[in-house]
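Beneath this line is the structure, given in structure tokens, with notes to follow.
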Amino acid sequence: MIVPLDEAVRELVHDGDTVALEGFTHLIPVAAGHEIIRQGLRDLTLVRMTPDIVYDQLIGAGCARKLVFSWGGNPGVGSLHRFRDAVTHGWPVPLEIEEHSHAGMANRYVAGASGLPFAILRGYAGTDLIGNNPNIRTITCPFSGQELAAVPAINPDVTVVHAQRADRDGNVQLWGITGVQKEAALAAERVLVTVEEVVDALDPVPGQVVLPARVLDRVSVAAGGAAPSYAHGYYERDNEAYRAWDAIGRDRGAFTAWLAELTATAPPPAGPAAPEPAGRGL
Amino acid sequence: MIVPLDEAVRELVHDGDTVALEGFTHLIPVAAGHEIIRQGLRDLTLVRMTPDIVYDQLIGAGCARKLVFSWGGNPGVGSLHRFRDAVTHGWPVPLEIEEHSHAGMANRYVAGASGLPFAILRGYAGTDLIGNNPNIRTITCPFSGQELAAVPAINPDVTVVHAQRADRDGNVQLWGITGVQKEAALAAERVLVTVEEVVDALDPVPGQVVLPARVLDRVSVAAGGAAPSYAHGYYERDNEAYRAWDAIGRDRGAFTAWLAELTATAPPPAGPAAPEPAGRGL
Amino acid sequence: MTTVAWTSDEIMTVTASRSLCDGMSCFVGIGLPSTAANLARRTHAPGLWMIYESGTLGTVPDRLPLSIGDGSLADAADTVVPVPEVFNYWLQAGRIDVGFLGAAQLDRYANINTTVIGDYADPRVRLPGAGGAPEIAASCREVVVVMRHSRRAFVERVDFVTSVGHGSGPGDRERLGLRGAGPVRVITDLGVLEPDPRTRELVLTGVHPGVAADEVRAATGWDLAVAEGLEVTPEPTDAELSVLRSLTGAA
Amino acid sequence: MTTVAWTSDEIMTVTASRSLCDGMSCFVGIGLPSTAANLARRTHAPGLWMIYESGTLGTVPDRLPLSIGDGSLADAADTVVPVPEVFNYWLQAGRIDVGFLGAAQLDRYANINTTVIGDYADPRVRLPGAGGAPEIAASCREVVVVMRHSRRAFVERVDFVTSVGHGSGPGDRERLGLRGAGPVRVITDLGVLEPDPRTRELVLTGVHPGVAADEVRAATGWDLAVAEGLEVTPEPTDAELSVLRSLTGAA
């Protein structure tokens with residue numbers, strides 16, 4: 001159950017898979033994303049509500065053939081240049097996109113977690129998203145006659161999330177902004193969770209989400225594995241790294257150098273965190 | 001915002017209203033139910049997943065013309081005799097019923113809380129519930145062609161729930177088994193919450209649900225107001241009282257005497273609890 | 001009937017508990033099913049993962065709960081989730097291995113009635129209703145029913161189908177889109193019934209020690225078939241009985 | 001233009017903040033809207049109830065968040081809910097008074113584009129996409145748009161309708177089943193535009209001090225109508241400016 005990250009990625013993620021690395025600004029599974037790049041996976045359909053720089057990196061590294069998303073940007077900074085380059089110039093490989101709103105994506109995960117084939121919402125009406133996405137349809141309420149939007153469930157082959165901690169049985173606990181991680185994990189065929197640390201017991205924490213071990217496949221320790229995003233109670237968001245990514249992502253050469261450096265290095269050890277813990281106050 | 005219970009019921013609940021007093025074994029708003037009986041409200045449509053003895057009392061007192069529910073019983077003891085008597089003999093007044101499964105009711109509240117006219121689920125297929133309830137229909141998934149059940153949203157005129165505590169602004173906090181109370185409150189036109197106590201600040205508690213004051217209409221202090229059910233961290237379930245209700249509810253005379261006693265007494269003061277607090281360990 | 005050191009209710013509960021394997025996830029109804037599940041967890045299935053419909057996942061209660069929402073269930077759970085989640089994210093999503101149900105009436109195709117005896121519009125007896133059972137019966141990988149045997153309870157055709165067992169025979173569950181296997185075993189105070197793999201009709205496959213097949217047939221409201229090679233339930237062990245009695249307080 | 005003690009961005013943000021009343025619930029986008037909302041809360045609207053789409057309800061951040069999911073938002077919130085709840089239970093349910101949005105392109109009917117400049121299949125510029133905006137624009141009681149004025153941004157017709165403003169005129173929102181009133185005000189670095197109550201077309205109703213109506217018309221990609229009785233925005237007060245600068249770190 002608890003294995004090194006490179007082993008977990010090798011076991012769970014395969015070329016051609018639909019993979020969701022979820023995280024809503026907080027707890028983004030960056031270390032796992034980097035390991036996917038290192039292992040040279042290809043033809044992935046990447047899913048995420050808010051693809052940010054780790055998705056920019058995966059796309060720039062040529063891992064993805066399709067992106068399913070609702071907002072793709074460098075939060076608080078600007079655009080994702082590797083994403084733009086792939087969409088507008090097909091570099092390094094063409095990137096197909098399927099585009100939703102946040103409400104649509106969130107409900108697609110909810111349907112996936114619920115074993116339903118689709119979800120309904122009040123959404124999309126009048127927008128050009130509809131005409132450009134066959135996965136947005138309308139459905140009529142059998143009671144009131146109202147028209148609503150319908151979107152199909154998302155059931156990724158693999159969902160990857162990052163959490164604060166796991167116990168030795170592989171039960172996982174996360175807290176703070178928990179986004180759509182519970183639904184993304186429950187919707188998936190296989191689930192990999194990276195954690196800051198493994199502890200003897202998961203003392204309850206306000207606002208926690210607990211993912212029981214029985215719905216997870218592998219847990220890997222990746223201390224600092226959400227950086228440059230943050231892990232509530234462990235370390236803070238490295239806003240400077242987000243800003244710094246803009247210059248790297250903007251330039252194919254700079255990106256290629258960044259990529260060469262990433263793939264030349266071994267994955268970080270599972271031991272003590274790379275970034276300094278910034279206080280553990282719950 | 002924070003007013004005595006009799007005043008809150010007078011302001012929010014009217015004859016003919018659809019009223020949900022929710023609580024899943026835990027935190028049942030018994031004091032509020034008794035106040036509804038005392039005020040002699042009539043023709044209510046009562047909604048609840050698990051109507052238990054306080055609904056038996058409301059039905060026996062003649063407050064209800066209809067019950068919408070999924071499981072009506074005295075948990076761990078047996079049947080609700082006032083409910084049975086109303087359904088089979090129309091005593092004291094006939095009781096119309098609309099009957100669902102738990103999954104159906106839970107999703108009806110979710111739809112109501114979500115501003116959707118209906119909910120979809122895998123449920124009811126092949127059961128006789130369908131033929132006896134026009135509020136269960138089928139709908140076809142526009143993507144997969146699968147047939148699913150559809151049920152209309154529940155949007156009560158008034159939802160009443162009991163919670164552990166509120167702050168002075170009327171923000172409410174409950175924890176332990178939280179059932180479907182959040183959804184029932186968010187689905188309602190008007191919301192009344194009874195609480196064990198009002199505190200200066202709602203210190204976060206693991207597993208809490210917070211209902212912000214802005215979605216509530218009135219908060220009333222009713223210490224011990226969930227007894228004979230329990231309030232996690234305040235007092236335990238009075239299993240003996242559930243067993244004792246069986247004899248009272250079984251007999252019209254015994255029930256009528258119980259009712260006379262209830263309506264002769266003023267509502268309990270908002271001060272210290274009637275039942276002994278059984279430890280506050282969170 | 002031979003004199004035994006255990007009651008018919010006890011062997012029913014012990015037999016039911018043996019249906020549960022270590023590590024299974026089990027959606028537990030209150031009453032007999034809850035007693036059997038808690039017994040299993042304290043004997044041969046310490047890793048049994050119990051879910052009660054109040055939202056307590058992976059609970060390990062220190063005593064038998066009187067209701068599905070007792071505080072002891074919440075305190076001892078891996079996590080407590082809201083009721084919509086337990087039905088949508090856990091049950092409907094197909095994550096539960098076995099659903100453990102009771103019934104007021106059960107018919108030859110293991111369809112379950114917990115709604116009314118008699119006519120729905122003018123019932124002779126009004127029962128509590130569906131609760132979580134219709135979707136438990138639909139979505140768990142398999143269902144085990146625990147109930148006492150009588151002609152009133154075991155009927156040719158239930159007065160009301162609250163929860164679908166095998167419908168009216170082969171192919172019905174598939175036609176209805178029910179994804180679990182449905183009732184695989186009915187355990188009573190007399191013996192064990194299982195659906196014939198071909199006809200889906202319940203057949204007597206086991207009797208408890210000291211019970212004759214004819215006794216069971218006499219207590220059944222349809223012409224109950226008896227399996228070749230009828231098994232006799234192994235007696236409850238001392239360990240099973242002592243744990244069971246400590247749970248029920250009948251030591 | 002006269003020399004002023006504030007920048008055009010500052011008067012835009014101050015004017016936007018004045019759109020928010022004390023006690024309102026506000027769904028806040030990151031960037032200019034977030035700055036304006038936090039300014040309002042620290043000046044005339046201390047009871048402003050801010051929701052960010054990351055699930056932080058009623059948050060009172062001690063500094064401007066860089067993203068919608070900063071830890072400071074969670075720490076300071078009345079409660080944090082999962083993302084599906086913020087969209088379903090709060091936004092879709094119609095509980096939000098005002099949605100505060102930015103835009104890359106906006107047209108004469110206040111339709112919003114944050115998806116692509118150029119053709120969708122072969123875009124000139126790929127933008128971040130929809131995020132929460134389509135449903136914010138649909139479901140909030142009203143919408144306020146904050147964006148800088150330019151002919152590139154204020155166009156006759158948006159290249160892509162990411163979020164519906166007033167569609168193609170009167171009755172469109174109702175036909176589409178959109179329940180909020182839609183954009184009631186567009187606040188720029190030059191002035192304020194509001195939909196004509198009859199035609200739903202955006203009209204210039206206010207200019208910031210020192211800005212002429214013709215300047216605004218020149219920066220607008222359609223033949224912008226000017227309201228009779230054009231207002232001039234009251235200058236930012238010292239208090240507003242000092243709070244704004246303490247927020248943005250430009251003191």
Side-chain angles (χ1 to χ4, degrees), chain A residues 23-26 49-50 52 69-80 83-85 87-88 97 99-107 109-110 121-129 131-132 146-148 175-183 207 209 229-230 232-233 236-237 239 242-243, chain D residues 30-31 52-56 65-71 73-75 79-88 91-92 111 113-116 118 120-139 158-164 167 172-173 175-179:
Chain A
F24 215 81
T25 309
H26 180 213
M49 291 180 66
T50 53
D52 66 351
F69 74 110
S70 38
W71 190 90
N74 184 341
V77 178
S79 292
L80 296 177
F83 162 60
R84 277 190 174 192
D85 204 9
V87 171
T88 55
I97 58 174
E99 201 162 355
H100 287 269
S101 68
H102 278 352
M105 284 292 285
N107 280 294
Y109 279 125
V110 169
L121 71 151
R122 294 187 189 277
Y124 297 108
T127 73
D128 286 335
L129 291 162
N132 288 289
Q146 290 178 64
E147 285 229 326
L148 299 167
W175 65 91
I177 289 172
T178 56
V180 76
Q181 281 100 307
K182 183 198 280 192
E183 289 74 16
V209 166
S229 82
Y230 70 107
H232 202 112
E236 297 198 356
R237 191 170 193 268
N239 288 331
Y242 279 86
R243 290 195 192 94
Chain D
I30 214 66
Y52 287 79
E53 64 195 12
S54 54
T56 53
L66 184 67
S67 84
I68 45 83
D70 275 17
L73 295 172
D75 286 333
T79 185
V80 180
V81 299
V83 161
E85 278 192 27
V86 81
F87 284 102
N88 293 344
L91 180 59
Q92 182 173 261
N111 300 299
N113 176 13
T114 57
T115 301
V116 288
Y120 185 71
D122 184 18
R124 208 156 64 250
V125 184
R126 174 67 227 191
L127 301 164
E135 287 76 23
I136 293 172
S139 292
V158 288
D159 293 349
F160 189 99
V161 179
T162 311
S163 307
V164 177
D172 259 25
R173 290 187 66 88
R175 248 193 307 283
L176 292 165
L178 308 178
R179 297 191 299 173

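Just so we're on the same page: letters track the sequence lines, and every chain starts at 1.
For chain A, the nearby parts of Glu53(D) are the backbone and the side chain; heavy atoms of each come within less than 4.5 Å. Neither the backbone nor the side chain of Met105(A) comes within contact range of chain D; no heavy atoms are under 4.5 Å apart. Neither the backbone nor the side chain of Asn111(D) comes within contact range of chain A; no heavy atom of the residue lies under 4.5 Å from a heavy atom of that chain. If you measure heavy-atom distances from Phe160(D) to chain A, the contacts under 4.5 Å come from both the backbone and the side chain. Residue contact with chain D, scored on non-hydrogen atoms closer than 4.5 Å, involves the backbone and the side chain of Arg122(A) alike. For Leu121(A), the parts lying under 4.5 angstrom from a heavy atom of chain D are both the backbone and the side chain. Contacts between Val86(D) and chain A at a heavy-atom distance below 4.5 Å are absent for every atom of the residue. Both the backbone and the side chain of Leu176(D) come within contact range of chain A, judged by heavy atoms closer than 4.5 Å. For Thr56(D), the part sitting under 4.5 Å from any heavy atom of chain A is the side chain, from C-beta outward, and nothing else. Proximity to chain A is limited to the side chain of Arg179(D), based on heavy atoms less than 4.5 angstrom apart. Only the side chain of Phe83(A) comes within less than 4.5 Å of a heavy atom in chain D; its backbone stays farther off.
Scanning for salt bridge (Lys or Arg N to Asp or Glu O under 4.0 Å) contacts around Asp85(A) gives Arg82(A), Arg252(A), with sequence neighbours left out.
Taken from OG1 in Thr25(A) to OH in Tyr52(D), the straight-line distance is 12.0 Å, to the nearest 0.5 Å. Note that NE2 of His26(A) is 5.0 Å distant from OH of Tyr230(A), once rounded to the nearest 0.5 Å. Thr115(D) OG1 to Asn132(A) CG: the interatomic distance, rounded to the nearest 0.5 Å, is 9.0 Å. The CD atom of Glu99(A) lies 3.5 Å from the CZ atom of Phe69(A); values are rounded to the nearest 0.5 Å. Here the CD-CD distance, from Gln92(D) to Glu135(D), works out to 8.0 Å after rounding to the nearest 0.5 Å.
Put simply, the side chain of Glu183(A) reaches to within 4.5 Å of the side chain of Pro84(D), judged on heavy atoms. The side-chain heavy atoms of Thr162(D) and Thr127(A), taken from C-beta on, include no pair separated by under 4.5 Å. For the pair Pro123(D)/Val87(A), a side-chain contact is recorded, criterion being any heavy-atom separation below 4.5 Å from C-beta on.
When each of Tyr109(A), Tyr124(A), Phe24(A) is paired with His102(A), the ring pair (Phe, Tyr, Trp, His ring centres under 6.0 Å) condition holds for Phe24(A) and for no other.
Per-residue heavy-atom pair counts under 4.5 Å with chain A were compared for Gly118(D), Pro134(D), Gly129(D), Gly131(D), and the maximum is reached by Gly131(D). Ranked by heavy-atom pairs shorter than 4.5 Å toward chain D, the options Thr178(A), Thr88(A), Val110(A), Leu148(A) are led by Thr88(A). Contact tally against chain D (heavy-atom pairs below 4.5 Å) for Gly176(A), Ala125(A), Gly123(A): the top residue is Ala125(A). Heavy-atom pairs under 4.5 Å with chain D peak, among Ser229(A), Gly179(A), Gly73(A), Ser79(A), at Gly179(A). The choice from Gly104(A), Ala106(A), Gly131(A), Gly207(A) that makes the most heavy-atom pairs within less than 4.5 Å of chain D is Ala106(A). Across Asn113(D), Asn88(D), Leu178(D), the residue that shares the most heavy-atom pairs under 4.5 angstrom with chain A is Asn88(D). Ranking Pro82(D), Gly177(D), Ser139(D), Gly132(D) against chain A, the residue ahead of the rest is Gly132(D), based on heavy-atom pairs under 4.5 Å. Comparing Gly78(A), Ser101(A), Pro75(A) by heavy-atom pairs within less than 4.5 Å of chain D, the highest count is held by Ser101(A).
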Exercise. Would you please test Val83(D) and Met49(A) for side chain to side chain contact (heavy atoms under 4.5 Å, CB included) and show each step?
Key: CA-CA 10 Å; Val83(D) 161; Met49(A) 291 180 66; 3.7 Å; yes

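Judged purely by atom type and a 3.5 angstrom limit, Arg126(D) has no side-chain atom pairing as donor or acceptor with the backbone of Leu80(A).
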